[in-house]
Amino acid sequence: MAECSLAVLNGPNLSRLGRREPGIYGKRTLEDISRGLMARFPDVRFNFFQTEYEGGLIEKLFDYEDGGSCSGVVLNAGALTHYSLALRDAIAAVSIPVVEVHLSNVHAREPFRRESVLAPVCLGVISGFGEDSYRLAVEALLKKGV
Ligand code: DQA
């Protein structure tokens with residue numbers, strides 16, 4: 001497999017994984033998840049980034065677009081998924097394919113989580129498989145030939 005560059009972006013509150021509502025999000029930290037991806041996909045050059053800020057995710061998407069070396073993005077935008085039109089517009093503004101992921105099954109939870117304003121401008125959505133949601137998103141991007 002050719003070496004390629006994929007970004008894994010995580011938004012608000014995902015820095016707290018491992019101790020944040022473990023019954024819903026599991027006991028693995030973001031660091032554990034990142035290490036798991038690197039071990040699973042040794043040929044992929046990953047760029048991992050987490051921020052509590054909407055604008056941080058938007059800036060990162062534009063940096064990747066301008067840098068020209070990122071061929072796909074796995075994005076867990078946390079609660080921004082459900083209302084951030086600014087993030088949606090940023091995803092639509094870049095040419096990099098973005099896969100929306102969620103650890104939990106957002107459709108089996110509170111009604112407000114069922115709506116994603118990002119999904120229409122993403123390549124696809126993977127939700128409900130815990131840490132495996134990230135792995136499945138990477139596999140999906142690689143299968144698309146990014
Ligand atoms: C989440 C689901 C969101 O509804 C929530 O706000 C999160 C995490 C998930 O990974 O299951 O912060 O994106």
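Note that ligands are numbered from 1 as they come in the structure, with each ligand's atoms numbered from 1 the same way.
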Check ring-ring contact (aromatic ring centres under 6.0 Å, His included) between F48 and all other residues, then give those that pass, not counting sequence neighbours.
F46
Any idea which residues sit under 4.0 Å from ligand 1, heavy-atom distances?
R20, Y25, N76, G78, A79, H82, H102, L103, S104, V106, R113
For K27 and P22, the nearest pair of non-hydrogen atoms, with its separation, is CG-CB, 4.2 Å
Heavy-atom closest pair, residues R109 and S104
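Looking at all heavy atoms of both residues, the closest pair is NH1-OG, 2.9 Å.
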Is it the case that the side chains of Y25 and N13 hold a donor-acceptor pair, with the cut-off being a distance below 3.5 Å and no angle test?
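There is no such pair (donor and acceptor under 3.5 Å, judged by atom type) between the side chains of N13 and Y25.
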Answer with yes or no whether the side chains of E65 and S95 bring together a donor and an acceptor at under 3.5 Å.
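Present: a donor and an acceptor within the cut-off.
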With a 4.0 Å cut-off on N to O distance, would you call R35 and E31 a salt bridge?
yes
